[in-house]
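Here is the structure we will look at.
Side chains included, hydrogens not; waters and symmetry mates left out as well; all remaining heavy atoms used. We name chains A, B, ... by the order of the sequence lines, and we start the count at 1 in each one.
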Amino acid sequence: MDYTTEAILEGISMSNNDVLNYIYKKFFPSICNFIENNNGNEEDARDLFQEAVIVIYRKMKKEPLALSCNFKTYIYSICRLLWLKQLEKRKNSNEINSEAILDNRLDEVSQTYDQTEKYRLYQKHFQLLGVDCKKVLQLTLEKISLQDIAEIMGYKSEKYAKKRKYQCKQMLIESIKSDKQFKEVYDE
Amino acid sequence: MNDTNFDRIEDFLDGELSNEQLKNFEKDLLEDSDLQMELNLHQEVDEAIMENDIMDLRNKLDAIETPPTETKKRKYKYLSKWNITAASIALLIGLGSLMYLTNNKSTYSNDKVYSNYYKPYNVVINTRSSDITIDNLLVNALKSYESKDYRTALTLFKKILDKDSTNITGNFYSGVSNLEINEYSKANKNFTRVMRHKNNLFIEQTEWYLGFCYLMTNKREKAIVQFNSIARGNSFYKTKAREILNRLE
C-alpha cells in the first residue's frame, strides 16, 4: 500500500508506526545510497534519516506544513542538506556537490536541525539518568509543588526533594558538558 | 560554573529569587556573558527534557529495522550460480562442524561478551553529600578512577565505605573499579549494596554491571536472568541487553 504525501506527513505528526515503517522501507535505501556515495556509511545514513524525520516532525509541531513537491523529493533534499552540514563539520565539504546549500527554502530546515542536534544531545544524557532523577526533573518542570513531589517520590521532606532536583540537574548539565559533542553543537 | 551560580540560575528559573536577588541576578546577566550562556543552556535543557513526544518518536525510529540498501541488494543479485554452490558447500561443512562440536552451543563465550560489551562507567556525579570529609575523599577517588588508576581509587573509596558502608557512589564506583582489576566477587558485593538501597541514581547502571559480574564468575544462567530483566524493562541498557541475550542463548 502506498501513502500520499499528506498521509505521510500526518502519520509523522502522529508518530504512526505503520507510516514510519513505510517511509523507511520506501525512502531509506536511496538516501543510504546517496550517503554511501558521498563519504558516508550505512550508520551515518541511519542517523541522518532519523534526524530528517525529527526535523519534519518539529516543523509540523510549529506550523502546518504544505509541500509543493512530493515527500520523496522533500526528504531527499533535507537529507542532502543535513549531510552537507555534517561534511562541512568533518571538513570534507569539497567532496560533495554543494548546490543544496544555495537553496534558500531549506534555510529554515537548517535552523530546525541545529535545535534538533542540540536537543538530541541533551535528551541522550537525560535518558542516561536514573529513573527517579528523570521523574523529579520532569515533575519540577511540570510545576508540581515540592510537597507533592516529595509525596510522589517517597522522599522524607520538601527540602530533600529540592536538594534532589538540584543534584539531578547538576548531574545532567555536567554530563552534557563532558560530552565531546557538546562544544560542537553548542558553539554553533 | 560554581555552585552559587548554579543555584541562582535554578532559583531564577523556578521564580524563587527575592526581589533584591533578582535585581542582582539581572545585573550580573548583563555584565557576564558566561552566566548568560549558562542560563541559556539550563533553559534549553529544561525544554529538551520535556519533549516526551520527540523522545518517544526517536525510540520508535530506533526500533525500525532498515531495509537492505541498494549496494547490498546488488551484491545479492550478482551472486552467480557457482557462488551459491560454493556457499552451500561451505554451509554444509559449517553445519557438520557445528554438529560435531555439540558442546559448543553458545555463539559467544562469557569472555567474548565481556570484551565486546563491557566498558567502565564515565564519571558523571557531582559531590554534594552532607559530609564534607566524604566529599573530599570522593573527589580524589573519582580523580584516580578517571585516570584509570583503579587500585588507588579503590583505596580511597574504601576510606569512604569505612565511614559509611552504604554510600551509593562509593559502592558503585568501587564495583566498576573491582571489575577493572578482575576482582569480580568484590564487585558483586559492591553492586549488591547499591541494589539494596533501591532508590538511587545508579540502579540501571548497577543492574547492567552485575550482569557482567555473573558472566565473569561463570554464573551464566544468572547473567541471562539479569540481562533478561534489563531487556524487558525500560532501562537505558535494554537494547544492548537484548543483543547480549542473543549472543548468550
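Neither the backbone nor the side chain of A:Leu121 comes within contact range of chain B, judged by heavy atoms closer than 4.5 Å. Contact of A:Ile173 with chain B is made through the side chain alone, with heavy-atom distances under 4.5 Å. Only the side chain of A:Gln115 comes within contact range of chain B, with at least one heavy atom under 4.5 Å from a heavy atom of that chain. Residue contact with chain A, scored on non-hydrogen atoms closer than 4.5 Å, involves the side chain of B:Glu16 exclusively. In this structure, chain A has heavy atoms under 4.5 Å from both the backbone and the side chain of B:Asp62. Interface remark: A:Tyr24 contributes backbone and side-chain atoms alike to the contact with chain B (heavy atom separation under 4.5 Å).
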For salt bridge (Lys or Arg N to Asp or Glu O under 4.0 Å), just list the numbers for A:Arg58 and B:Glu51, CA-CA rounded to whole Å, side-chain angles, deciding distance to a tenth of an Å, and then say yes or no.
-> CA-CA 11 Å; A:Arg58 272 193 196 284; B:Glu51 286 188 339; 2.6 Å; yes
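The pair B:Glu38-A:Lys177 meets the salt-bridge criterion, with a side-chain N (NZ, NE, NH1 or NH2) lying under 4.0 Å from an Asp/Glu carboxylate O. Between B:Glu10 and A:Lys162, none of the side-chain N atoms (NZ, or NE/NH1/NH2) sits under 4.0 Å from a carboxylate O, so this pair counts as no salt bridge. By the 4.0 Å N-to-carboxylate-O rule, B:Arg58 lies close enough to A:Glu51 to be salt-bridged with it.
In B:Asn19, the CG atom is not crowded: 12 or fewer heavy atoms of neighbouring residues, nucleotides or ligands sit closer than 6.0 Å. The neighbour count for A:Glu142 CD, taken as heavy atoms of other residues, nucleotides or ligands under 6.0 Å away, is above 12. Annotation for B:Lys189: atom NZ does not count as buried by contact number, only 12 or fewer foreign heavy atoms lying within 6.0 Å. Residue-environment remark: CD (A:Gln147) stays at or below the threshold of 12 foreign heavy atoms within 6.0 Å. For A:Lys72, the NZ atom is loosely surrounded, since the number of other residues' heavy atoms within 6.0 Å does not exceed 12. No more than 12 heavy atoms of other residues, nucleotides or ligands sit less than 6.0 Å from atom CD of A:Glu43. Dense packing is recorded around NZ of A:Lys61, with more than 12 heavy atoms of other residues, nucleotides or ligands lying under 6.0 Å away. More than 12 heavy atoms of other shown residues, nucleotides or ligands fall within 6.0 angstrom of atom CD in B:Gln43.
Contact check for B:Leu41 versus A:Phe182: side-chain heavy atoms found under the 4.5 Å cut-off. Residues A:Thr140 and B:Asp46 have side chains not in contact (no heavy-atom distance under 4.5 Å, counting atoms from C-beta outward).
Looking at every heavy atom in both residues, A:Gln138 comes nearest to B:Asn52 through NE2-OD1, 2.9 Å. Closest non-hydrogen pair, B:Glu44 versus A:Tyr122, comes out as OE1-OH, 2.6 Å.
Atom CD1 of A:Ile54 sits about 6.0 Å away from atom CD1 of B:Ile54, to the nearest 0.5 Å. The distance from atom CD1 of B:Ile49 to atom CZ of A:Phe126, rounded to the nearest 0.5 Å, is 5.0 Å. Here the CG-CD distance, from A:Leu128 to B:Glu204, works out to 9.0 Å after rounding to the nearest 0.5 Å. To the nearest 0.5 Å, atoms CG (B:Leu57) and CD1 (A:Ile56) are separated by 10.5 Å. Distance OH/A:Tyr166 to CG/B:Asp7: 5.0 Å, rounded to 0.5 Å.
Side chain to side chain, B:Glu47 and A:Tyr119 meet the donor-acceptor criterion of an N or O pair below 3.5 Å.
Most heavy-atom pairs under 4.5 Å with chain A, from the set B:Leu13, B:Asp53, B:Asp14: that is B:Asp53.
For A:Arg46, the side-chain contact (heavy atoms from CB on, under 4.5 Å) partners are A:Phe28, B:Thr66, not counting sequence neighbours.
Residues of residues 2-18 of chain A lying under 4.5 angstrom from chain B, judged on non-hydrogen atoms, are A:Ser15, A:Asn17 in numerical order.
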